[in-house]
A.B. asks: 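Sharing a structure, written as structure tokens. Questions coming.
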Protein chains: 2
Amino acid sequence: MVYKNDNIPLTAYFSIVKQQQIIFFNKILEKECITAGQTPFLIYLLYNEKSCQEDIANHYKIDKGAVARGIRKLEDAKLIYKEIDENNRRKYCISLNKDGEKIAKKLIEINDEWEKTISENINISKEDLKEILREIANNAIQTNKMEDSDG
Amino acid sequence: MVYKNDNIPLTAYFSIVKQQQIIFFNKILEKECITAGQTPFLIYLLYNEKSCQEDIANHYKIDKGAVARGIRKLEDAKLIYKEIDENNRRKYCISLNKDGEKIAKKLIEINDEWEKTISENINISKEDLKEILREIANNAIQTNKMEDSDG
DNA sequence: ATATAAATGTTGTCAATGCAACTGTTGTAT
DNA sequence: ATACAACAGTTGCATTGACAACATTTATAT
């Protein structure tokens, strides 16, 4: 094998896109007391009222600790209701309030716009792109699960 | 506009893949005193001897502070030479040593394998995928540059 | 020659996220 | 009924990366 052709590792592109997304949304959210990381939570909560934190973690495949911190931020920014679920006092029942809904709707539009911009000049549709990324994400998760059980 | 259809934002997939890559490589590098973030640096240095930190930052479009910390780790792990460039004493002249080369070559193979695994069952070639990701990354960078100059 | 600007790297601070240890609540097995 | 396991969330610490302030060295302009 010859070690030439410094192809940039795929992972570098994933880093770049994610970092640029954080920069873009943090700029937009400067005045809102929240940051880019809460965007997906707001979007999820707009579609799924009365969710618990584990629902969000499962949906986005992220750590429950990260969700706890994000939800705390949304709470501090007074964008959500967060009440103990009386049917299961381990859980919280989380919903957007009016301000939260307003920001969530705005963020969906901004995100749509951003996604359109970054997928310009590629020769597949945005739907195909999303499907491919979904598959890659699943593969990446599965790979690590397999490594776990292998030892 | 109707706010249904909770499509997962593209950015969520980019997060997942990046995080899973970090987990995968950190597991492999457990014994090497370095972590996943240094993988691209080692790969770059294998192809580009006597680089300076700015070269790496430009190549991967990451912050020079992040490069400084990564290079420090490679130095602490005794995988590189790092000497002041006598033609320009602001710069360092960085190259892999024998151990660094060995790990770099190993990491290239592991990375190839990992990339193959995560791009299984998608209906475009890995080359096309890379091209698309490159374009998306460029678009994401350009978007923020334009925002800067707009105000 | 001197003052100012630009280049290169370092470091502090912050955001996003994983993991592990912990708390409190609920479910299960004996 | 009691003990133990599982669930839901919180928090400390680590890693990747951005940004800004800083130091040092070099280049430029007057």
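Every value quoted in this text rests on a predicted model; they were computed, and no experiment measured them. These numbers come from the heavy atoms of this one structure, side chains and all, not from hydrogens, waters or symmetry mates. To find a chain, count down the sequence lines: A is the first, B the second, and so on, and within it residues start at 1.
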A.B. asks: Once the angle between the rings of A/Y44 and A/H59 is folded into 0 to 90°, is it parallel (under 30°), tilted (30 to 60°) or perpendicular (over 60°)?
C.D. replies: tilted

A.B. asks: When the distance from NZ of A/K27 to P of C/dA15 is rounded to whole Å, what number comes out?
C.D. replies: 16 Å

A.B. asks: With a cut-off of less than 4.0 Å, is there a side-chain N or O of A/S15 near OP1 or OP2 of D/dG17?
C.D. replies: yes

A.B. asks: Under 4.0 Å, counting only non-hydrogen atoms across every strand here, what does B/G70 touch: a base, just sugar-phosphate, or nothing?
C.D. replies: nothing

A.B. asks: Let me spell it out: for each of A/G65 and B/I71, pick the nucleotide of DNA chain C with the closest heavy atom. Which residue's pick is nearer the 5' end?
C.D. replies: B/I71

A.B. asks: Provide a list of protein-nucleic acid N or O atom pairs under 3.5 angstrom, restricted to nucleotides 13-15 of chain D.
C.D. replies:
residue : atom : partner : partner atom : Å
D/dC13  : N4   : A/R69   : NH2          : 3.3

A.B. asks: Rounded to the Å, how far apart are A/Q21 CD and D/dG17 C1'?
C.D. replies: 14 Å

A.B. asks: Would you please name every residue forming a salt bridge (charged side-chain N to carboxylate O under 4.0 Å, His left out) with A/K102, sequence neighbours left out?
C.D. replies: none

A.B. asks: Please report, rounded to the nearest Å, how far the P atom of D/dT16 is from the CZ atom of A/F14.
C.D. replies: 18 Å

A.B. asks: Do B/I56 and B/L96 share a hydrophobic cluster (ILVMFWY, side-chain heavy atoms under 4.5 Å, transitive)?
C.D. replies: yes

A.B. asks: Who are the side chain to side chain donor-acceptor pair (under 3.5 Å) partners of A/S51, not counting sequence neighbours?
C.D. replies: none

A.B. asks: Sequence neighbours excluded, which residues qualify as side chain to side chain donor-acceptor pair (under 3.5 Å) partners of B/N139?
C.D. replies: none

A.B. asks: Run the side-chain donor-acceptor check on residues 66-78 of chain B: report pairs under 3.5 Å with partners two or more places apart or on a different chain.
C.D. replies:
residue : atom : partner : partner atom : Å
B/K73   : NZ   : B/T35   : OG1          : 2.8

A.B. asks: Under 4.0 angstrom, heavy atoms only, what part of the nucleic acid is A/I23 near: base, sugar-phosphate, or nothing?
C.D. replies: sugar-phosphate

A.B. asks: Could you say whether A/A66 or A/N87 is positioned toward the 5' end of DNA chain C, judged by the nucleotide with the nearest heavy atom to each?
C.D. replies: A/A66

A.B. asks: Answer yes or no: does a side-chain N or O of A/K18 lie under 4.0 Å from OP1 or OP2 of C/dT17?
C.D. replies: yes

A.B. asks: Below 4.0 angstrom, which residues in residues 133-141 of chain B have at least one non-hydrogen atom near DNA chain D?
C.D. replies: none

A.B. asks: Parallel under 30°, tilted from 30 to 60°, perpendicular over 60°: which one fits the rings of B/F24 and B/W114?
C.D. replies: tilted

A.B. asks: Please list, chain by chain and in numerical order, all residues satisfying salt bridge (charged side-chain N to carboxylate O under 4.0 Å, His left out) with A/R89, sequence neighbours excluded.
C.D. replies: A/E86

A.B. asks: In whole Å, I'd like the distance from the CD atom of A/Q20 to the P atom of C/dA15.
C.D. replies: 18 Å

A.B. asks: Please list, chain by chain and in numerical order, all residues satisfying side chain to side chain donor-acceptor pair (under 3.5 Å) with B/E131, sequence neighbours excluded.
C.D. replies: B/R134

A.B. asks: Under the rule for ring-ring contact (aromatic ring centres under 6.0 Å, His included), what residues qualify as partners of A/F14, not counting sequence neighbours?
C.D. replies: B/F14

A.B. asks: Please list, chain by chain and in numerical order, all residues satisfying side chain to side chain donor-acceptor pair (under 3.5 Å) with B/E30, sequence neighbours excluded.
C.D. replies: none

A.B. asks: Rounded to whole angstroms, how far apart are CD on A/E30 and P on D/dA18?
C.D. replies: 18 Å

A.B. asks: Whole-Å distance between C/dT17 P and B/I16 CD1?
C.D. replies: 10 Å

A.B. asks: Can you tell me the distance, in whole Å, between the CD1 atom of A/I56 and the P atom of D/dC7?
C.D. replies: 19 Å

A.B. asks: Can you list the residues that meet the salt bridge (charged side-chain N to carboxylate O under 4.0 Å, His left out) rule with A/E120, with sequence neighbours excluded?
C.D. replies: none

A.B. asks: Quickly work out the A/D63 CG to D/dG9 P distance and round it to whole Å.
C.D. replies: 12 Å

A.B. asks: Tabulate protein N/O versus nucleotide N/O from nucleotides 4-9 of chain C, keeping only pairs under 3.5 Å, one per line.
C.D. replies:
residue : atom : partner : partner atom : Å
C/dA7   : O4'  : B/R90   : NH1          : 3.3
C/dA7   : N3   : B/R90   : NH1          : 3.4
C/dT8   : OP2  : B/E54   : OE1          : 2.9
C/dT8   : O5'  : B/E54   : OE1          : 3.3
C/dG9   : OP1  : B/Q53   : N            : 3.2
C/dG9   : OP1  : B/Y92   : N            : 3.2
C/dG9   : OP2  : B/E54   : N            : 2.8
C/dG9   : N7   : B/K64   : NZ           : 3.0
C/dG9   : O6   : B/K64   : NZ           : 2.8

